[in-house]
Amino acid sequence: MGCSQSKAVEVPPGPQEPRPQSPSSNNNSVAAKRSGRSSPFLGKKVKPSALYHHLLHGLGSSELPNAAGKVQAQTVPFWIEAQRLCEKHASTVASYVDLNTKGTPLHVACSLGSARVDSMEVADAAVKCIRTIIDKSPGSISLRDNHDHVPIEGIFSAMAAAKGSSNEDAAATKSAYAFRMEVAKLLLTKNPSCTLLRGQSLYRIAESLTDDCEQPLGPTAEFVKLLVDKGGASAQPSMRGERRSPDDDDDVLAMLYRRFVRQFDQSERFFEGDNSRPEVVNHREKFKNAAVNTFNIIELLLRQPKYTGAAPSSPGGAAENDGDLDCLLVHNAVRSGTCAPDLLRYIVETNLEKVAEKDSRGNLPLHYAAGYGESGLANVNTPESYSKYVIDELLYAYPDGAAVENSDGTLPISLAIESGKKWIGGGIRSLHEAYPEGIGRVNLGDKHPLLHSMSFATMGEESVDETSILGGNDDEEGTIATGVDGGGGRSRKRKAKRKINKDESHDAIMFVQKPNAPVRDVITTMWANEDDGGVQMLGCTALANAAKKAGGSEEAIASVALLGVTTAVNAMKNHPNEPVVQEKACAALTAMAPADGMREISFAASGAIATTVCAMQAHVSDATVQREACRALSGIAAKGGADRATTVASVSGFTALVNALGAHPNDVEVQKEACLCMEVLTSFPDAYLPQLDEQTDAYLQAAAEKFPAECGSPANAIRARLNGA
């Protein structure tokens with residue numbers, strides 16, 4: 001009709017291998033008879049845009065009598081017709097490029113199929129159609145539309161749009177992934193580097209994956225395996241880095257681990273009544289499969305990349321893709337430099353024997369942790385204390401590793417010094433304490449900064465300058481040398497240890513109090529100094545302040561909660577007897593509570609609810625802990641609804657609230673916060689809560705009478721709800 005969309009440019013074929021001959025017209029006739037309709041394009045002269053527009057109409061309602069409620073792209077005849085059109089008019093329709101969208105038929109077909117295929121029959125027909133388009137116009141694989149997307153990215157975008165669809169069932173999901181697998185294989189086989197499957201792109205793909213409850217390996221894990229094997233998908237460091245965005249502290253591994261924890265939590269969920277019922281067993285089995293599939297995806301993405309954007313070479317000169325590293329999970333987790341602290345700990349603790357295992361170059365995971373410096377992982381922007389945390393975790397699991405040489409005869413401490421790590425924050429001190437003799441094996445030369453500290457070996461113990469030995473000068477901390485206690489320091493190492501720890505804590509405490517310290521750095525500092533209550537207390541305060549600064553933006557709060565929730569919980573678990581840590585951690589959880597349920601953040605699966613209740617039980621007499629814990633539980637339940645309210649009750653949270661009322665009858669703040677929390681819990685009719693007993697009723701009445709303005713309304717509402725009024 002002369003519209004602008006009929007104008008186009010043709011895709012240059014490019015250097016490609018010979019293509020198989022198109023199916024004959026007899027095959028077309030057979031297909032037409034099988035579909036029950038004839039093609040309107042057969043025997044007619046078609047426009048170059050015919051295939052493109054035909055595919056665009058795939059979202060229109062199907063007129064076939066046996067396809068009621070379906071769109072055309074969910075029917076086999078639609079794809080057969082598209083394939084036939086491409087075969088008959090290949091020279092024009094397959095290579096069409098729309099001038100407005102810069103899209104091609106291949107762009108539309110990939111996106112449409114990924115979003116709409118819902119049966120194996122339709123998947124098979126759609127794959128055949130796309131194979132024909134690729135054969136006729138192989139250059140389309142690398143063309144970018146006006147969104148800068150190549151066709152394969154249409155598959156990923158459609159996955160994200162389809163996630164959470166209310167009408168999606170297991171069969172439809174399996175069919176959709178069968179289509180995505182086959183088409184991605186076609187595209188990546190022809191051009192493995194058509195798109196970089198790293199960083200933000202990889203994050204979006206992983207984020208769009210659904211809970212895969214199929215027996216492992218499920219379709220999502222198989223799909224990711226294809227992307228790893230054929231397209232070089234990897235969470236290992238690349239030139240573009242691994243962050244989702246410059247302003248976000250999330251990455252693909254951390255997000256997937258949160259998903260894994262959520263799924264695993266669901267696999268152990270207890271229900272009201274008989275938990276041996278078939279539906280309960282089925283629920284648990286489904287989420288167990290989902291958790292296994294998700295962790296398989298984590299393992300796959302931790303493998304060394306086979307294509308572009310590879311990681312730096314490993315200690316000892318290892319090649320980029322040592323084959324043995326595909327099965328050495330701990331090595332790969334350490335090499336990535338991006339594992340969230342809780343994920344790294346989980347991997348180490350569940351693979352303890354692998355911590356002492358060497359790769360083909362004789363490297364332990366500890367060699368990688370020591371040998372990767374800022375120069376090697378500059379693109380990852382690893383927080384300063386991350387090295388210390390990783391080295392400490394590995395030494396805790398295998399302390400003898402500090403004395404193990406790799407195939408080149410190099411010790412971990414030598415690699416740490418050569419890579420420019422710091423004495424405290426870089427973990428060199430930890431390596432030195434584990435194997436003091438190792439420092440004598442380092443070739444320091446004539447002007448290495450370490451010589452300055454080693455000169456104190458000739459001084460008496462009582463006359464040693466503590467500031468120089470302990471690296472107290474912040475300006476010199478970055479040179480490694482200021483904190484290394486040379487060979488002569490070995491005899492007084494134990495006497496000096498307390499001083500060194502004090503200085504280390506001082507630096508960490510000062511850092512977490514910096515007004516504009518990045519949240520990720522604060523979190524890493526807390527994990528690296530988890531035994532220090534002061535660091536944990538002030539770190540939790542920093543997390544609470546960061547979440548409060550976000551105002552009412554749940555997305556901004558989520559940026560803090562991504563790693564902040566598990567960090568606050570870790571602080572509480574490591575310092576159960578320190579009320580001030582419990583108090584500040586509860587305040588941080590309250591501030592982050594609006595993010596519950598977003599981006600795989602789960603206050604139930606992370607242990608935030610159970611740990612908060614434990615704090616109330618352990619510090620019943622502490623009014624401040626009770627007040628802050630009540631606020632935290634209230635915020636979590638308000639966001640999470642009946643499910644979170646039930647979780648609070650299931651871990652004796654309701655009992656803890658009642659005990660708070662009884663233990664602090666004259667504290668208006670405790671009475672108010674406890675009543676408000678119980679009011680939130682009882683506001684969900686579907687929540688499974690205990691019945692109102694005489695003692696609870698008496699406490700509520702007393703609170704309402706003593707503090708009518710603060711407690712009257714919530715107390716009366718609670719009594720009415722629990723009494724069934």
Side-chain angles (χ1 to χ4, degrees), residues 243 246-251 254 258 340-342 381-389 422 424-425 474 477 501-576 578-596 598-599 601 603 606-608 611-612 615 624-625 627-629 631-632 635-636:
R243 297 293 177 82
D247 299 321
D248 200 297
D249 281 329
D250 206 12
D251 60 50
R258 292 195 302 274
D342 50 349
N381 293 321
T382 306
E384 181 180 72
S385 54
Y386 186 77
S387 291
K388 177 185 182 300
Y389 174 74
K422 298 181 180 180
I424 294 176
D474 289 340
E477 168 64 8
N501 282 333
K502 182 178 179 181
D503 181 72
E504 177 182 2
S505 298
H506 170 76
D507 290 343
I509 285 173
M510 295 302 292
F511 179 81
V512 297
Q513 292 184 91
K514 289 182 178 179
N516 298 317
V519 171
R520 191 182 186 92
D521 288 10
V522 170
I523 286 170
T524 306
T525 300
M526 291 176 68
W527 282 89
N529 298 273
E530 60 186 348
D531 292 333
D532 190 285
V535 174
Q536 302 306 304
M537 175 195 69
L538 293 168
C540 286
T541 301
L543 293 178
N545 291 337
K548 291 173 183 176
K549 286 180 181 178
S553 170
E554 291 188 351
E555 184 63 32
I557 295 173
S559 292
V560 180
L562 294 170
L563 298 173
V565 175
T566 53
T567 302
V569 170
N570 189 58
M572 297 176 78
K573 289 181 177 179
N574 278 290
H575 301 276
E578 296 188 34
V580 68
V581 174
Q582 305 297 309
E583 170 200 336
K584 299 302 182 183
C586 284
L589 293 175
T590 302
M592 294 184 285
D596 191 14
M598 299 176 62
R599 295 170 63 179
I601 297 168
F603 275 65
S606 66
T611 308
T612 300
T624 305
V625 172
R627 181 191 68 222
E628 295 298 336
R631 288 176 178 169
I636 294 169

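Looking at Gln536, its side chain never comes within 3.5 Å of a backbone N or O of Met572 through a donor-acceptor pair. Using a distance-only test at 3.5 Å, with no hydrogens or angles considered, a donor-acceptor pair links the side chain of Asp532 to the main chain of Val535. Asn570 places no side-chain N or O within 3.5 Å of a backbone atom of Thr566 that could act as its donor or acceptor partner.
Residues forming a salt bridge (charged side-chain N to carboxylate O under 4.0 Å, His left out) with Glu530 (at least two apart in sequence, or on another chain): Arg345.
Ile601 places none of its side-chain heavy atoms less than 4.5 Å from the side chain of Met592. Taking 4.5 Å as the limit, some side-chain heavy atom of Met526 sits within range of a side-chain heavy atom of Cys540. When side chains are defined from C-beta on, Lys549 does not count as touching Val560, because their heavy atoms never get closer than 4.5 Å. Residues Glu555 and Arg599 are in side-chain contact: their nearest non-hydrogen atoms beyond the backbone lie under 4.5 Å apart. Counting only heavy atoms from C-beta outward, the side chains of Val580 and Thr624 never approach each other to under 4.5 Å.
Minimum interatomic distance between Ala254 and Ala340 (heavy atoms only, all atoms of both residues): CB-CB, 4.0 Å. Among all heavy-atom pairs drawn from Ala608 and Val569, the shortest one is CA-CG2, 3.6 Å. Nearest heavy atom pair, residue Val581 against residue Ala571, reads CG1-O, 3.7 Å. Residues Ala568 and Ala585 come closest through the heavy atom pair O-CB, 3.9 Å. The shortest non-hydrogen separation linking Ala558 to Met598 is CB-CE, 4.2 Å. Listed here is the closest heavy atom pair of Ala615 and Val625: O-CG1, 3.9 Å.
The side chain to side chain contact (heavy atoms under 4.5 Å, CB included) test with Asp596 singles out one residue from Leu589, Ile636, Ile557, Val565, and that residue is Ile636.
Here the CG atom belonging to Leu538 is positioned 13.0 Å from the CZ atom belonging to Phe511, to the nearest 0.5 angstrom. A distance of 7.0 Å separates CG of Asp521 from OG of Ser385, quoted to the nearest 0.5 Å. Separation of atoms CZ (Arg520) and CG (Leu562) is listed at 9.5 Å; rounding is to 0.5 Å. Taken to the nearest 0.5 Å, the CG atom of Asp342 stands 7.0 Å off from the OG1 atom of Thr567. Once rounded to the nearest 0.5 Å, the distance linking NZ of Lys573 with OG1 of Thr611 reads 5.0 Å.
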Q: Please step through salt bridge (Lys or Arg N to Asp or Glu O under 4.0 Å) for the pair Lys422 and Asp507, ending with a clear verdict.
A: CA-CA 13 Å; Lys422 298 181 180 180; Asp507 290 343; over 6 Å; no

